[in-house]
Amino acid sequence: MMVDTQLAEIYDEIIPLLIDAVVIFIIAYLLARVISFILIRTSEFFGHARIAVRMIVPILNILIYTAAILLVIQRVVTLSTIELVAFSGLFGAAIGFGLKDAFANVIGGVIIAFEKPFRIGDRIKMGEYYGEVVELGLIDTRIITPDDSYVTIPNHKIFTQSVASANAGKTEMQVVVDVFIDHTADIARAIEIFKDAIVTSRHVYITDACFYTILTENKMYSVRLRARAYVWDLRDEFECKAEISRRTKTAFQEAGIFPPRLFSGDQNA
Amino acid sequence: MSSDETVAREEKSHPPCIGFHNELEKIQEIISMHRSGTKQNVAILGLPYSGRSTLLTTLREEYKDSSYFVEYGSWITKKRKLLESRYSQPIVFIDGCQYLFSRRIGGFSVLDDFLEEVASSSSLFITTWNLYAWNYIRRVREVERFFPKIIRLSPLSDTEMRQCILKDYTEAELQFIGDVDIELPSLLRFTPYPVKLPWKSEPVELPLPRVNIDRVSLRRHKKEMNLSDEELVFQKITKMAGGNPGVGKAIWKKSFEYPTVNLKDYTPMRMPDPLLRNDAFILGIIAMTGSITREELEEAAGGEYPICPTLYRLLSLEVIMKVNGEYQICPEALLLVNEMLLKLRIFWE
């Protein structure tokens, strides 16, 4: 008789609540995915405002999942004050013992979403990894490295590691291009060609704030020309460097400006 | 196909200049100041098809006894003495200065020579530039230091657009079908206003709100349903063309089937997908020059990628057209191209 009562209780109360919880989370998941998909696709039409549009995605995700959790708690748990205190104690102990990292990740995710140390689309260096942020989740951040590896970084790393963002939420970012020429080469002509290669690049963007500079430095076996310029879309960072280098090299060859005749082991030495 | 020919126009009848009264007054004032000893070279800036050449031709007619007129129609490739004895006139009008440089390595030497001679000459230089080319070259060569007076062409009003388009027709010839849904523009419009800041060398342009007084009367007319079909048609054309006479004429041509003008079926251009970056860059080069050959485009691409697929796509989208072997932006696509390439930062500000 007792067993029948317990089974009836499970059928009448617990299973519907579980089904409700599952349905709420599935809806939240689908909603978050659909909104993310639409915003990320739409962001491509916004040109240089792309990153600003994409930044809405993690904030919306947090809001959707928080709303889902609150909805489930409201439907499943109706606690008295004593039960609430007991539940909080148990919850705290659970976090302390087993869910510490998971909880730190969630807190890290909230901080990343609201404090914005980096954003979706930024080029960041965290620990040993460098790449473009493609997803900001509640638990982890995902980046794609230049060699196309998909790296998942737990959000709690933000508390223990410094993060370098190459563009700080902007679409443009600075690139550095080095070329080396022989000491006997016509440096003035080389600088003129290098400048032209930069300002005519299809990737370079020049404004009052995004200007370009060319520096020269005498090395032991060569003269280094270093250009700092802004690429108008950070996704073209490597293509921009490669394009400027290629075109400069071709123009140097045509102008009789030769590379260093003698190479040391370390050009930066 | 590049040429270093400069063409001095022969005496001939020119279309009358419609609009640009403020611009003409400003330039006349600058010329009087030059005669009294203050030289300030002028750069007249405008989008493609905005009427830069028409304005300059009007000025040339007015000052033909004391001026020399040069028109560049294609890229000037060879260094040459730009200021010869013929340039001893006190005023030199130069149309199409965007052809003095090319966006490629080594493509600025003629412009450098030109700027050097502008700086050393006692003549007053009144020049026209494609706005996109100007915005690019001012970042690369600081041309605004040589041309301190910058005049941006203002868009035509509905009445001016009507005059501009109808000057080739008689009133009796045309029938207007204006049953189109006109969305009246807002009473406020924003115009760039240059403001000098103490810590910046060049003026910053702030959007200054202005009341559209002309449109107030149109709004009242609309309310009273007093707008004729003809007024509606030209109002719509001016709005769709952004006041650009060349674009307005192109829209007119598309909707004109003698003797009827019907805007009902005219749909503004839309781009189905975002442009690829290489395509956008080539489109930007075409818009910046106005008219350019395939060989020049290949040089601008720097041998980095084939431009054949790009040209095919842009032609098939009817964003560009081929005229006498050279590529140009289709006038009716100009505003779409402007919006797209500003977003993609192909056009600099």
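Residue numbers start from 1 in every chain, and the chains themselves are labelled A, B, ... in the order their sequence lines are given, proteins ahead of strands. Computed over heavy atoms, backbone and side chain alike; hydrogens, waters and symmetry mates excluded. Since we're looking at a predicted model, the values are computed, not measured.
- If you tally non-hydrogen atom pairs under 4.5 Å between each of A:K195, A:H203, A:R247 and chain B, the highest count goes to A:R247.
- Proximity to chain B is absent for every atom of A:E254, based on heavy atoms less than 4.5 angstrom apart.
- Using a 4.5 Å cut-off between heavy atoms, B:R103 contacts chain A through both its backbone and its side chain.
- Using the six-membered ring where Trp is involved, B:W348 and A:Y205 have ring planes that are perpendicular, over 60° apart on the 30 and 60° scheme.
- Of the two parts of B:F101, neither the backbone nor the side chain holds a non-hydrogen atom closer than 4.5 Å to a non-hydrogen atom of chain A.
- Neither the backbone nor the side chain of A:T250 comes within less than 4.5 Å of any heavy atom of chain B.
- Under 3.5 Å, the side chains of A:Y221 and A:D182 contain no donor-acceptor pair of N or O atoms.
- For the pair B:R313 (side chain) and B:L275 (backbone), a donor-acceptor distance under 3.5 Å is absent.
- A cation-pi arrangement is present between B:R141 and B:F108 under the rule of less than 6.0 angstrom and at most 45 degrees off the ring axis.
- Ranking A:I193, A:T207, A:T248 against chain B, the residue ahead of the rest is A:T207, based on heavy-atom pairs under 4.5 Å.
- The cationic atom of B:R277 (NZ for Lys, CZ for Arg) lies less than 6.0 Å from the six-membered ring centre of A:W232 and within 45° of the ring axis.
- No donor-acceptor contact under 3.5 angstrom links the side chains of B:T293 and B:E326, judged on distance only.
- Looking at B:I282, neither its backbone nor its side chain comes within 4.5 Å of chain A, counting heavy atoms on both sides.
- The parts of A:A197 that come within reach of chain B are both its backbone and its side chain, each placing non-hydrogen atoms under 4.5 angstrom from that chain.
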